[in-house]
Amino acid sequence: MMDLRPPRFDWGLRVLAGDDIFNDGTYPGEAEGALLVAKDSPGEIVRVGHHEESNTPLYLVEFANGMVVGCLEEEILPLGEPKP
């Protein structure tokens with residue numbers, strides 16, 4: 001069994017969307033390819049989980065527009081950190 005990679009972020013952290021987030025077909029009620037969250041939209045991590053196949057942390061983020069989206073670490077930026 002592979003060791004789980006520890007998450008870099010914790011629940012309750014305020015974040016920004018690092019880029020536009022589109023529906024990859026896994027978000028119910030929205031068309032595949034639909035824009036779910038615009039770049040720089042603020043949100044808050046409401047749950048930290050784990051993506052089995054890639055052995056990476058997965059963050060459930062509630063964004064200001066009401067969307068709750070699963071994000072990888074590279075898709076979010078903690079508020080207060082400089083943008084790359």
Side-chain angles (χ1 to χ4, degrees):
M1 178 170 183
M2 271 196 301
D3 289 333
L4 299 179
R5 193 179 89 182
R8 191 173 141 213
F9 310 128
D10 201 2
W11 68 272
L13 182 68
R14 302 278 303 150
V15 296
L16 293 176
D19 209 345
D20 290 339
I21 299 174
F22 296 93
N23 185 7
D24 61 2
T26 60
Y27 197 93
E30 297 291 331
E32 188 168 345
L35 177 66
L36 300 175
V37 179
K39 181 179 180 175
D40 294 328
S41 294
E44 181 177 331
I45 296 174
V46 294
R47 185 167 211 169
V48 179
H50 180 78
H51 187 271
E52 294 269 335
E53 291 178 19
S54 64
N55 192 36
T56 57
L58 186 63
Y59 303 90
L60 198 57
V61 179
E62 183 174 359
F63 288 97
N65 67 357
M67 293 284 189
V68 179
V69 181
C71 298
L72 300 172
E73 286 179 353
E74 58 269 14
E75 296 176 310
I76 54 177
L77 180 70
L79 280 174
E81 281 192 14
K83 295 180 185 176

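The nearest pair of heavy atoms linking Pro57 to Pro7 is CG-CA, 3.5 Å. Minimum heavy-atom separation, Phe9 to Tyr59: N-OH, 3.2 Å. Residues Trp11 and Val48 approach most closely at N-CG2, 3.7 Å, considering heavy atoms. When every heavy atom of Phe22 is checked against every heavy atom of Gly33, the shortest pair comes out as CD2-O, 3.3 Å. The two residues Leu60 and Gly70 come nearest to each other via the heavy atoms CD1-N, 4.0 Å. Of all non-hydrogen atoms in Cys71 and Glu75, the two that sit nearest each other are CA-OE1, 3.3 Å.
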Run the numbers on Leu58 and Leu72 for side-chain contact (heavy atoms from CB on, under 4.5 Å), then give the verdict. CA-CA 5 Å; Leu58 186 63; Leu72 300 172; 3.8 Å; yes
Test side-chain contact (heavy atoms from CB on, under 4.5 Å) on Asp10 and Ile45 and set out the steps. CA-CA 7 Å; Asp10 201 2; Ile45 296 174; over 6 Å; no
Which is it for Asn65 and Ser41 under the side-chain contact (heavy atoms from CB on, under 4.5 Å) test, yes or no, and what are the steps along the way? CA-CA 8 Å; Asn65 67 357; Ser41 294; 5.8 Å; no
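For Arg14, the side-chain contact (heavy atoms from CB on, under 4.5 Å) partners two or more places apart in sequence, or in a different chain, are Pro42, Glu44, Leu79.
When each of His51, Glu52, His50 is checked for a side-chain hydrogen bond (donor to acceptor under 3.5 Å, both in side chains) with Ser54, only His51 meets the rule.
Screening residues 20-36 for side-chain hydrogen bond (donor to acceptor under 3.5 Å, both in side chains) gives Asp24-Thr26 as the qualifying pairs, with residues at least two apart or on separate chains.
The line from CZ of Arg8 to OG1 of Thr56 is 13.5 Å long, rounded to the nearest 0.5 Å.
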